[in-house]
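To start, the structure under review is shown below, and the notes come after it.
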Amino acid sequence: MRNGIDQKKFISINLFFVLYIFIIFQVKLRFCYMLAYHKLIDSMFGLPDITIIVVGATVIVVIAALLYWGITFKGHD
Amino acid sequence: MAADLITISVVSLYFLGMLAIGAWASKKIKNTEDYLVAGRSLGFWVFILLMIGTVASGMSLLGVSGLGFKAGWPTIWEQIFVPLSIGFCIIFFGVKLHNVAKTAGYVTVQDYLAQRYESPVALRSLSAVAGIIVSLIYLVGQYTAIAIVLMWLFQIPLWLALVIATLVTTIYTAIGGLYAVAWASLIQSVILIIGVVIMAPVIIFYAGGFTHVNEFLSNVNPNLVMPWMPSGAFAPAYLVSFAVLLMVGLSCAPHVINNVLAIKDVKYFKWAPLIAFIIYTIAMFLLKFTGFAGAVMVKEGVFTLPNVPNAGDFVILYGIQYAMPIMALWAVFAVIVLAAVMSTTDRLMLTIGAMFSWDIYKKVLKPDADDKTVLLLSKIVVVLSALGTMLLAINPPEMLAILIWMGIGVMLSTFAVPLLAGLYWRGATREGALTAMTLGLVSSLTFGMLNYIKATVLGINFGTIPLHFSAYSFIIAILAMVIVSLLTKKTSEKVLDDTQTGWYISKL
């Protein structure tokens, strides 16, 4: 595997996304509802905490993953 | 509103600009490869903006804000997963396809499928026919969006709006091929992004500011500011299927994935996913917020939407009309919307032309056809596809977004499994691909229709199924691919090596 992303990285990216979706939509669900009801964090922009946390975290994770791709990808022609 | 001289001039200028690009591009066309893949010469920014322009469709301005108007924050995921589809397409399809295409000389993604699955006739034909069907469904949504804008701007009947839209888009696409589409998309995407970044904050400001908009929505219905709905559409389970639909479905759509065959250098794939995501996400978030602001303004009685079934799709148009009461600016905004819609429409028409003239005519029906004939046929099919979908768009659906998602759902179920399995699983066979593609296409069309008319079949109410309909047909396609592939003869090792098949993205 000389160029591009190697097998380990490829598998880790896949697992990372699967794990992330699982956490967000299965485990965090209950936690976030708890946050919403108890208002542990002051709401921003008139939004509930869970909206800020879940949407913000997703955007950050996506950018981090694409940044990782850019740094590790070498490419060839 | 009625159009004045300035409005007509601005829109005419835009149309003339597109036609000029078509005329310029037509001089660069020497053969079919120039016409369909721009001589594999697209540069970095042309490629990025072509990808954005191709993905940014009629739904991007009208449908996105229309859905935000209707269902609030739970629909925000659309604005993350649609931009991410560009990165998914480049990373999981683009790198490997581009590398193989350069040596094998692919013009369409069907060329890859035919080689990988050793099926030069059956799979190629099925794939091309399926591609044409789903592209036509998608194209109807695009023409509906163009018609909405022209009707609003010029107060003209739907048929006339459709004729104008079809005429302009068809001429520059037919004469200039992918060169014209790519350069037109570059300009259209720049217009779209700058226009949205300038105009969306103005609408949000006039609605009372971002915080006021969210607080107002929260008072109307607390679910409108949550990241998901408690049940039904946009509930967590639905959102997972929605994420797969948008990210994977769009990325394997023929009109999107074919773009990766046209770039000059694979190194462009290094930063293209991140740059495209950031640019497109900013614009799309702003558009969604505009839909929220429109909802507040309508509920506060600032303006009323027309009494039509797809009223939500008009919200951004009425919002800009209220927030910027200068007619010349409406014309500029109309150009922005037209740019978004036309950048997808032209690519779709070209893709349909390529699939018919190259995959069906040249590769199946008449392999000895000369290049001139294939090129001419491509242009004829571009014109015919435009005319056909124009007629279909005369009766637009209730929500633009629904029709476009249906198109993406069919694309996901039909193409994702044969492509992903073909690229990454050496055990995937021709029979597996044929079965997966056939069942994916038929089941997604069936489920999509049953879901749309909210039918109950065998005790299942398709109007209230917990996932997007395409998730079920996607699962059927996966099962078909795995089961049939395990039972049938393996593809030859030479072909698997030639097509770089295996559990990796890039290899020398």
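Chain A is the first sequence line, chain B the second, and so forth, proteins listed ahead of strands; every chain is numbered from 1.
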Going from [atom1] on [X] to [atom2] on [Y], what distance comes out if it is rounded to the nearest 0.5 angstrom?
| X | Y | atom1 | atom2 | answer |
| --- | --- | --- | --- | --- |
| A/Ile52 | B/Trp73 | CD1 | CH2 | 6.5 Å |
| B/Phe81 | A/Thr58 | CZ | OG1 | 6.5 Å |
| A/Trp69 | B/Ile505 | CH2 | CD1 | 4.5 Å |

What is the minimum heavy-atom distance between [X] and [Y], and which atoms define it?
| X | Y | answer |
| --- | --- | --- |
| A/Pro48 | B/Met226 | CG-SD, 3.8 Å |
| A/Lys74 | B/Lys267 | O-CG, 4.3 Å |
| A/Thr51 | B/Pro227 | OG1-CD, 3.2 Å |

Do [X] and [Y] have side chains that approach each other closer than 4.5 Å (heavy atoms only, starting at C-beta)?
| X | Y | result |
| --- | --- | --- |
| A/Val54 | B/Trp77 | yes |
| A/Ile71 | B/Trp271 | yes |
| B/Leu84 | A/Leu66 | yes |

B/Phe285 portion near chain A, given a 4.5 angstrom heavy-atom threshold: side chain
Sidechain-backbone polar pair: B/Asn214 side chain, A/Leu47 backbone, donor-acceptor under 3.5 Å: no
Pairs of heavy atoms under 4.5 Å with chain A: top-ranked of B/Val95, B/Val213, B/Ile76: B/Val95
Within 6.0 angstrom of B/Tyr206 OH, more than 12 heavy atoms from elsewhere: no
